[in-house]
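See below for the structure under consideration.
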Amino acid sequence: MEPADYDAWYDTPRGRWIGEAEFKLVSGLLAAKPGDSLLDVGCGTGWFARRFADRLQVTGLDPDAEWLAWARAHSPPAIRWLEGDARKLPFPDASFDHVLSIAALCFVEDERQAVAEIVRVAKRRFVIGWLNRASLLYREKGKGGGSGAYRGARWHAAAELRTFFAGLPVRDLKLRSAIFLPSGSRLARCVEQCTPAVLPWGGMLLLAGEKT
Ligand SMILES: C[S@@+](CC[C@H](N)C(=O)[O-])C[C@H]1O[C@@H](n2cnc3c(N)ncnc32)[C@H](O)[C@@H]1O
């Protein structure tokens with residue numbers, strides 16, 4: 001998929017709704033203070049990096065040079081963009097106040113190693129977003145190898161995600177989810193507002209925690 005096509009999805013009514021719902025949840029879980037540093041692992045075209053850039057010092061990392069070039073060309077100059085792999089992050093321990101990764105580790109071989117790297121470079125909090133197998137989004141976009149931007153992604157159950165953190169220096173792990181009805185219709189928006197994010201049936205599963 002071309003980066004411009006991927007990013008254009010965030011400008012559609014459904015894409016904007018999904019992006020904003022996820023951003024709101026991630027933002028609350030990170031609880032970052034103005035001026036804090038944030039690393040976005042697997043930033044893609046940089047939609048989440050840009051969304052945080054008005055308050056935080058943001059670095060976006062992705063292995064895809066073409067997508068990074070697109071992100072750089074369409075973002076404020078204050079954001080730093082780096083080519084790199086989630087499994088071997090090119091930073092010393094505790095380099096960033098917060099680390100974020102949305103819908104990226106589901107494309108990474110050895111997700112456990114990527115999670116360990118995210119925790120290693122975080123100083124305070126991290127939020128990692130995965131695709132949820134126990135969701136309507138999976139029935140719509142995930143079956144049979146997936147379609148569009150979901151093609152080739154792994155979809156997880158909530159219980160599997162916690163096992164990635166076994167033995168890592170983390171505490172206060174919280175599981176939250178968003179995008180319960182993926183259509184983006186008026187009903188979907190109402191359901192989203194009324195459904196507690198602790199219920200693990202949204203299309204996006206977020207695992208948030210604190211570094212110890
Ligand atoms: C579906 S996109 C998500 C992009 C962005 N996080 C978002 O939510 O819009 C998946 C991203 O994961 C990145 N990715 C794939 N393998 C990776 C790896 N080993 N390390 C870091 N990112 C990776 C891809 O290049 C792509 O940009």
Side-chain angles (χ1 to χ4, degrees), residues 1 6 9-32 40-44 47-48 51-52 86 98-112 114-115 118-119 122 125-166 168 170-210:
M1 179 178 270
Y6 179 82
W9 176 79
Y10 282 114
D11 282 333
T12 65
R14 179 170 175 269
R16 177 155 294 279
W17 171 67
I18 290 180
E20 291 297 340
E22 292 174 356
F23 172 74
K24 191 170 158 212
L25 193 52
V26 169
S27 209
L29 288 165
L30 282 179
D40 182 358
V41 175
C43 62
W47 192 85
F48 283 94
R51 219 41 203 77
F52 279 105
H98 312 278
V99 185
L100 161 72
S101 183
I102 299 293
L105 299 199
C106 46
F107 295 96
V108 177
E109 294 300 327
D110 199 351
E111 290 173 272
R112 193 179 297 271
V115 169
I118 284 173
V119 170
R125 298 193 65 80
F126 54 85
V127 177
I128 306 177
W130 277 279
L131 297 168
N132 187 3
R133 208 163 59 225
S135 69
L136 286 173
L137 185 66
Y138 174 71
R139 294 170 71 109
E140 206 178 86
K141 301 280 186 188
K143 283 185 160 175
S147 57
Y150 300 99
R151 185 180 299 280
R154 278 184 300 277
W155 295 69
H156 290 286
E160 291 165 8
L161 300 183
R162 289 188 183 272
T163 68
F164 292 146
F165 294 85
L168 295 180
V170 299
R171 71 174 167 215
D172 196 21
L173 273 186
K174 288 190 174 85
L175 183 89
R176 299 287 184 270
S177 82
I179 319 303
F180 293 92
L181 297 183
S183 69
S185 66
R186 190 181 295 183
L187 173 66
R189 289 163 197 245
C190 286
V191 167
E192 194 73 22
Q193 278 183 357
C194 307
T195 309
V198 291
L199 295 178
W201 302 308
M204 171 68 54
L205 278 175
L206 296 164
L207 233 297
E210 210 168 299

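Predicted model, so just to flag it, every value in this text is computed and none were measured. Excluded from the calculations below are hydrogen atoms, water molecules and symmetry mates; all remaining heavy atoms, backbone and side chain alike, are included.
Residue Glu140 holds its CD atom at 10.0 Å from CG of Leu181, rounded to the nearest 0.5 Å. Of the inter-residue distances, the one linking Cys106 atom SG with Leu205 atom CG reads 11.0 Å to the nearest 0.5 angstrom. Between atom CD1 of residue Ile18 and atom CD of residue Glu192 there is a gap of 9.0 Å, rounded to the nearest 0.5 Å. Atom CE in Met1 sits 8.5 Å away from atom OH in Tyr6 (nearest 0.5 Å). For the atom pair Arg51 CZ and Ser27 OG, the distance stands at 8.0 Å (nearest 0.5 Å). Considering CZ of Phe165 and CZ of Arg171, their distance stands at 15.0 Å, rounded to 0.5 Å.
Aromatic pair Trp155/Tyr150: ring centres closer than 6.0 Å. In this structure, Phe23 has its ring center at least 6.0 angstrom away from the ring center of Tyr10.
Side-chain contact between Val26 and Leu29 is absent, with no heavy-atom pair separated by less than 4.5 Å. Here the side chains of Leu30 and Phe52 are in contact, with some heavy-atom distance below 4.5 Å. Contact annotation: the side chain of Tyr138 never approaches that of Leu131 to less than 4.5 Å [non-hydrogen atoms, C-beta and beyond]. Residues Asp11 and Arg16 form a side-chain contact, since some pair of their non-hydrogen atoms from C-beta on lies under 4.5 Å apart. Under the 4.5 Å side-chain criterion, counting only non-hydrogen atoms from C-beta, Phe126 is not in contact with Leu100.
Salt-bridge annotation for Arg112 and Asp110: absent, with no side-chain N of the basic residue lying under 4.0 Å from a carboxylate O of the acidic one. Classification of Arg14 and Glu20 as a salt-bridged pair fails, no side-chain N sitting under 4.0 Å from a carboxylate O.
Residues Arg176 and Leu25 come closest through the heavy atom pair CB-CD2, 4.1 Å. The two atoms that bring Gly184 and Arg189 nearest to each other are O-NE, 2.8 Å, heavy atoms only. Annotation for Ala157 and Arg133: closest pair CB-NH2, 3.9 Å, computed over non-hydrogen atoms. Shown here for Val127 and Ala208, the closest heavy-atom pair between the two residues is CG2-CB, 3.8 Å. Residues Ala114 and Leu105 share a closest heavy-atom pair of CB-CD2, 3.8 Å. Of all the heavy atoms in Leu206 and Gly129, the pair that sits closest is CD2-CA, 3.5 Å.
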| Step by step, would you call Leu136 with Phe180 a side chain to side chain contact (heavy atoms under 4.5 Å, CB included)? | CA-CA 7 Å; Leu136 286 173; Phe180 293 92; over 6 Å; no
| request: Kindly determine whether Ser135 and Ile179 satisfy side chain to side chain contact (heavy atoms under 4.5 Å, CB included), including the steps that lead there. | output: CA-CA 9 Å; Ser135 69; Ile179 319 303; over 6 Å; no
| said: For a side chain to side chain contact (heavy atoms under 4.5 Å, CB included) check, start with the C-alpha distance between Val115 and Leu168, then their side-chain angles and the critical distance, and finish with the verdict. | reply: CA-CA 9 Å; Val115 169; Leu168 295 180; 3.8 Å; yes
| query | Given the rule in the side chain to side chain contact (heavy atoms under 4.5 Å, CB included) test, do Thr12 and Trp17 qualify, once you have shown the distances and angles that lead to the verdict? | reply | CA-CA 8 Å; Thr12 65; Trp17 171 67; over 6 Å; no
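Open room surrounds CZ on Arg139; 12 or fewer heavy atoms of other groups in view lie less than 6.0 Å from it.
Under the side-chain hydrogen bond (donor to acceptor under 3.5 Å, both in side chains) criterion, Glu111 pairs with Trp130, Arg154, His156, not counting sequence neighbours.
Judged by distance alone, with hydrogens and angles left aside, the side-chain atoms of Ser101 form no donor-acceptor pair with the main-chain N or O of Ile128 at under 3.5 Å.
Residue Met204 forms a side chain to side chain contact (heavy atoms under 4.5 Å, CB included) with just one option from Leu137, Ile102, Asn132, and that option is Ile102.
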